[in-house]
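Notes follow once the structure below has been shown.
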Amino acid sequence: MNSTLLDHLNPEQLAAVTLGDESALILAGAGSGKTRVLTTRIAWLLSQGRVGPGGVMAVTFTNKAAKEMLTRLAAMLPYNVRGMWIGTFHGLCHRFLRSHWKAAGLPQGFQILDVSDSVAAVKRVIKAMNLDEERYVPKAVAHFIAHAKERAERPGDIDPRDAQERVLVEIYAAYEAQCQREGVVDFAELMLRTYELMRDDAALRSHYQQRFRHVLVDEFQDTNTLQYAWLKLFAAPRSSQAVMAVGDDDQSIYAFRGAVVANMHAFERDYGVRQLIKLEENYRSCGHILDAANHLIGHNERRLGKTLRTAAGQGEMLRVFEAPSDFEEARWVLEEAHAQHRAGTPRAQLAVLYRSNAQSRVIESALFNAGVPYRVYGGLRFFERAEIKHALAYLRLLENPNDDTSFLRVVNFPARAIGARSVEALQDAARASGRSLWQSVSAVTGRAGAALAGFVKLVEDLRAATEGQTLKQIVECVVEGSGLAAHYRSDKDGSERLENLDELITAAESFVTQEGFGRDAVALPVDELGPGPGLTPDLETGEIMSPLAAFLTHASLEAGEHQAQAGQDAVQLMTIHAAKGLEFDVVFLTGLEEGLFPNDRALEDHDGLEEERRLMYVAITRARKQLMLSLAQTRMLHGQTRYHLRSRFLDELPEASLKWLSPKQGGFGSGFQQPYASAWQRGGGSARAAQQPAWSHAAPPPPPPPPRKTEHDSGLRVGQAVFHNKFGEGAVLAIEGQGADARAHIQFGRHGSKWLALAVAKLTPI
DNA sequence: GGCTCTTTCGTTTTT
DNA sequence: CGAAAGAGCC
């Protein structure tokens, strides 16, 4: 087995896979076979008898990564891999808390709040505290709470800096109390509860530390403070446990969400890592693309250091196109995409990437008008759709009627004459008695009370009717019995929602068979070490979840596909963030403009520029064969035409790997001085560029934006590119005043925008 | 209770 | 500009 297992690994991969029982940090470059190393290592450890399947824990960030690991392992191993501790941080915490719910102080049937549930819960708290929602914006407060939890801070641990923060902490405390009362936990709470229980319960901690001999962490650069602290409890540093952390500091693009790249350095130190193994052999991209990636990321200072290399040839150079407008940028993408498709690249191997979702619009319309199939990632996911959340709320009430979030969501949906005042009366009663809404229904009298009692009866009837039924039958019964189906059937445009509800029933049906939840999905029996001191023998067999509870968990922890319009061969449109971990033959990287990318707002953060550069690095390394870079001199943004300079990142790429399809110019403004057609005719010698392709139904390009003349005669125009001795290249955003008072608003690259007095400032038109 | 008008706001978002 | 959320009206 070993001979085949270890075949075709390069020396570094082999070193990582066959490392002994010691902790290691693997610096895994993009496309370096990271997942293969992780899975092969697990298989190797097991096949060598170094550890049993119960002694391995492997943690990922995404369900997708966890699933892939399980799938690959299932093909390599004779074990039931589902019983192994392989999953996302949150998934494993959930599993842990289902086993130790009592010790964790949770009700057995606790439910998980997703982000929108959590914001809604915070909102209720703010209302109950009679606070101003303008001043304490629910979303921002929820964010504050989540961040505190990710630093392992409870309300009592926070020392408020000012009056505002003191109130935030009060809201946090009230929110905690409310969640506890309702038996719900948010995402951060899953992690924090697990962390606290492991921290405070020595017997439990020692049990798990004895159990897990090998712990593997994927995408380690994305771990936050709490996750790292959590890891240290499950795998004690400098102990007989071995942790393999795999990550790439250059691909850390979630610092804005709390990821701490410094955890990689901390890990080396804390775990006494003896050597850093670097996986630098890239199996994805051709030479020019890697040269560009290496060159660009070399501009970052805080790095562990790594240079990607390939055995493949240099391949195609990167093509750069500077379009006069976002509209024409889109048209160029369309034409190039079509050319690539005709040359044999499947559309699904063509990806159009952008920094922000708003940028997809122009590109979508170009593709749409030309009849090119495309698929946009992002937006609502399946389990986040309103109708699905409604159905899930009914299902959750069956499991846990004290879940006030679910109660409020559907108490009057479909409408059953329970208005805001009835709900308020109920909430008052619940607050007064410290009980859930469900428990307080009898406290409301009169017509409102009767209507509420009717709702309670409906849910109880549903529970009785679904008793002993299969998951599919339960979901079906709830969708019908709740009145949701009828509601959407009578709605003139409810057909799509009905389809989604049907889809939910289908998902429920296949869930039981595919996910295999039920008796055989229980964690492996207590490992060969036996139970820890003072622990019951069935410590880790956990509670057997009902299929419904398992399904609800699945819905909360895995929001489902972004968009399911699968099947058709379509061009892929997504943000760079969404593209992380993916690869395509041809990548279009659009909107390479100062302000957009690097994004102005991101630059305000600490390390903002370096994170933007890492994002650029991630984007570049998505491409296998060809990378297309583009920017627009003018762009419609927030209802206004904006003028941008080309991104500094373009200047950080090696000239030798770039092929400019439009003349490389001093600044974006100079495009206006060129005859319009020239950019097209210089399209890299491409015969196709100048003519309207027969297949394209796109409207002919509009004339270039007429430079707006201002009243004075400074010679400057809006949109003009200028040079300033101190600030460098800039673009004129606006001009005001006359004569000696004339001022110009100039957008400079790294210096931001400035108002300059024209009488004083030395500006040279470019 | 549900529709329409108005206001507001605009970076990325694994769980 | 365009989406989304809230206020106000029927």
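A note on names: the letters A, B, ... follow the listed sequences, proteins ahead of strands, and every chain is numbered from 1. Only this structure's heavy atoms are used, side chains among them; waters, hydrogens and symmetry mates stay out. From a predicted model like this one, the values you see are computed outputs, not experimental measurements.
- Note on A:Arg381: every side-chain N or O is 4.0 Å or more away from OP1 and OP2 of B:dT13.
- Taking atom NE2 on A:His143 and atom C1' on B:dT11, their separation rounds to 12 Å, with Å as the unit.
- When distances run from any side-chain atom of A:Tyr254 to the nucleotides B:dT15, C:dC1, B:dT14, the shortest one goes to B:dT14.
- If you find the closest nucleotide of DNA chain B to A:Ala417 and to A:Thr88, the one lying nearer the 5' end belongs to A:Ala417.
- A ring-centre distance under 6.0 Å is found for A:Trp230 and A:Phe89.
- Note on A:Arg257: every side-chain N or O is 4.0 Å or more away from OP1 and OP2 of B:dT11.
- Contact annotation for A:Leu353: no contact, since no heavy-atom pair falls under 4.0 Å across all strands.
- Considering only the side chain of A:Thr62, B:dT15 comes nearest among B:dG1, B:dT12, B:dT15.
- With A:Tyr377 as the aromatic partner, A:Arg375 meets the cation-pi criteria of under 6.0 angstrom to the ring centre and within 45 degrees of the ring axis.
- Rounding to whole angstrom units, CD of residue A:Glu611 and C1' of B:dT14 are separated by 14 Å.
- Side chain of A:Arg355, nearest nucleotide from B:dT15, B:dT11, B:dT14: B:dT11.
- Comparing the C1' positions of C:dG6 and B:dT11 gives a spacing of 24 Å, expressed to the nearest Å.
- Separating the C1' atom of B:dT14 from that of C:dA3 is a span of 25 Å, rounded to the nearest Å.
- A:Gly91 comes within 4.0 angstrom of no nucleic acid atom, judged by non-hydrogen atoms across all strands.
- On the P atoms, B:dT13 is 15 Å away from C:dA4, given to the nearest whole Å.
- Rounded to whole angstrom, the span from the CZ atom of A:Arg95 across to the C1' atom of B:dT15 amounts to 17 Å.
- Here A:Phe256 lies parallel enough and close enough to stack on the base of B:dT12, with planes under 30° and ring centres under 5.5 Å apart.
- Taking side-chain N and O atoms only, A:Asn357 has no distance below 4.0 Å to OP1 or OP2 of C:dA3.
- The distance from atom CD1 of A:Ile112 to atom P of B:dT14 is 17 Å, rounded to the nearest whole Å.
- For B:dT11, its base never sits under 3.5 Å from the side chain of A:Arg601 at any donor and acceptor pair.
- The separation between A:Leu603 atom CG and B:dT11 atom P is 13 Å, rounded to whole Å.
- Screening A:Asp250, A:Asp249, A:Asp607 for a salt bridge (charged side-chain N to carboxylate O under 4.0 Å, His left out) with A:Arg614, the sole residue that qualifies is A:Asp607.
- Checked by atom type, the side-chain pair A:Gln359/A:Ser356 shows a donor-acceptor distance below 3.5 Å.
- Under the 3.5 Å distance criterion, with hydrogens and angles disregarded, no donor-acceptor pair is assigned to the side chains of A:Arg489 and A:Ser495.
- Rounded to whole Å, the distance from CG on A:Asn599 to P on B:dG10 is 12 Å.
- OP1 or OP2 of B:dT13 lies within a sub-4.0 Å distance of a side-chain N or O belonging to A:Thr575.
- When distances are taken from the side chain of A:Lys123 to each of B:dT11, B:dT13, C:dG6, the shortest belongs to C:dG6.
- At whole-Å resolution of the value, CG in A:Asp607 and P in B:dT11 are 19 Å apart.
- When the side-chain nitrogen and oxygen atoms of A:Asn63 are compared with OP1 and OP2 of B:dT14, none of them lie within a distance under 4.0 Å.
- In this structure, A:Gln251 atom CD and B:dT12 atom P are separated by 20 Å, rounded to whole Å.
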Residues A:Phe407, A:Phe455; criterion ring pair (Phe, Tyr, Trp, His ring centres under 6.0 Å); working and verdict: CA-CA 10 Å; A:Phe407 186 101; A:Phe455 174 68; 5.2 Å; yes
